[in-house]
Amino acid sequence: MKDFYRRVYEVAAGIPKGKVMTYGQIARLIGEPRSARIVGYAMKSIPEGMKIPAHRVVNRLGEMAPDHVFGSKELQREILLSEGVIFKENGWVDMEKSQYKTI
DNA sequence: CGCGCGGCCTAGC
DNA sequence: AGCTAGGCCGCGC
């Protein structure tokens, strides 16, 4: 597996329950600020057996992933809600309140 | 080898 | 909020 992926998974694995991170944020954290899209690809390609909370990674606006990823946006939203993530009226994550910020 | 396609992002209306 | 335009880069064909 590519080192890039490994580092993405390390960061993603550290997102606590009730919080979310963005693709771009993770990309910047591992020193690849221009590779936000690849972070999304890495999330989609998590190997069997690796316990990575991919549902806790959203885009910068707090939108759910496309339907085909988790079955439906509603499903992902249910999971995050059950973990305590705060949502806005439009159905997106309230990034002000629920984004996991690391120094 | 080239080319299209993404769980994206920023800037700029 | 919504839209475009441009850039990004790994992957599969």
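Side chains are part of it too, since the values below use all heavy atoms of this structure and drop only hydrogens, waters and symmetry mates. Proteins get letters first, then strands, A, B, ... in listed order; numbering begins at 1 in each. As the structure is a computational prediction, the values presented were derived from the model and not from experiment.
- Residues A:Ile52 and A:Ile38 share a single hydrophobic cluster, defined by chaining ILVMFWY side chains whose heavy atoms lie under 4.5 Å apart.
- Without hydrogens or angle criteria, A:Ser98 side chain to A:Ile86 main chain gives a donor-acceptor distance under 3.5 Å.
- Less than 4.0 Å separates DNA chain B from at least one heavy atom of each of the following residues of residues 15-23 of chain A: A:Thr22, A:Tyr23.
- When the side chain to side chain contact (heavy atoms under 4.5 Å, CB included) test is applied to A:Ser82, no partner is found at least two apart in sequence or on another chain.
- A:Val69 pairs by the side chain to side chain contact (heavy atoms under 4.5 Å, CB included) definition with A:Ala65, A:Pro66, not counting sequence neighbours.
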Taking distance alone, no hydrogens or angles, what donor-acceptor pairs closer than 3.5 Å link side-chain atoms of residues 4-11 of chain A to residues at least two apart or in another chain?
unit_1: A:Arg6; atom_1: NE; unit_2: A:Asp3; atom_2: OD1; d: 3.2
unit_1: A:Arg6; atom_1: NH1; unit_2: A:Glu10; atom_2: OE2; d: 2.6
unit_1: A:Arg6; atom_1: NH2; unit_2: A:Asp3; atom_2: OD1; d: 2.6
unit_1: A:Arg7; atom_1: NE; unit_2: A:Asp3; atom_2: OD2; d: 3.3
unit_1: A:Arg7; atom_1: NH1; unit_2: A:Ile30; atom_2: O; d: 2.9
unit_1: A:Tyr9; atom_1: OH; unit_2: A:Ala42; atom_2: O; d: 2.8
unit_1: A:Tyr9; atom_1: OH; unit_2: A:Ser45; atom_2: O; d: 3.3

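- Under the 4.5 Å side-chain criterion, counting only non-hydrogen atoms from C-beta, A:Leu61 is in contact with A:Trp92.
- The other residues sharing a hydrophobic cluster with A:Leu75 are A:Ile79, where clustering joins ILVMFWY side chains under 4.5 Å apart.
- Contact annotation for A:Ala54: base contact, defined as any heavy-atom pair under 4.0 Å involving a base atom.
- Sequence neighbours left out, the pairs with a member in residues 50-77 of chain A that pass salt bridge (Lys or Arg N to Asp or Glu O under 4.0 Å) are A:Arg56-A:Glu83, A:Asp67-A:Lys73, A:Glu74-A:Arg77.
- Counting only Watson-Crick and G-U wobble pairs whose two distances sit under 3.5 Å, DNA chain C takes part in these stems of three or more pairs: B:2-6 with C:9-13, B:8-13 with C:2-7.
- Looking at heavy atoms from C-beta onward, A:Val20 lies out of side-chain contact with A:Ile15 at the 4.5 angstrom threshold.
- A:Gln76 contributes a side-chain N or O that, together with a main-chain N or O of A:His55, makes up a donor-acceptor pair within less than 3.5 Å.
- Scored by the side-chain hydrogen bond (donor to acceptor under 3.5 Å, both in side chains) test, A:Asn90 finds no partners at all (sequence neighbours excluded).
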TODO: For each nucleotide in nucleotides 6-13 of chain C, reading 5' to 3', give B when a protein heavy atom comes within less than 4.0 Å of its base, S when such contact involves only the sugar-phosphate, and - otherwise.
DONE: -BBBSS--
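- Within the structure, every pair that satisfies the salt bridge (Lys or Arg N to Asp or Glu O under 4.0 Å) test and touches residues 94-103 of chain A, not counting sequence neighbours, is listed here: A:Asp94-A:Lys97.
- Sorted by first then second residue, the side-chain hydrogen bond (donor to acceptor under 3.5 Å, both in side chains) pairs that include residues 14-33 of chain A, not counting sequence neighbours, are A:Gln25-A:Gln99.
- For the P atom pair drawn from C:dG6 and B:dG7, the interatomic distance equals 23 Å after rounding to whole Å.
- For residues 60-95 of chain A, proximity to DNA chain C is found at A:Asn90, A:Trp92, defined as any non-hydrogen atom under 4.0 angstrom from a strand atom.
- At a threshold of 4.0 angstrom between heavy atoms, the contacts of A:Val57 include nucleobase atoms, whether or not backbone atoms are also involved.
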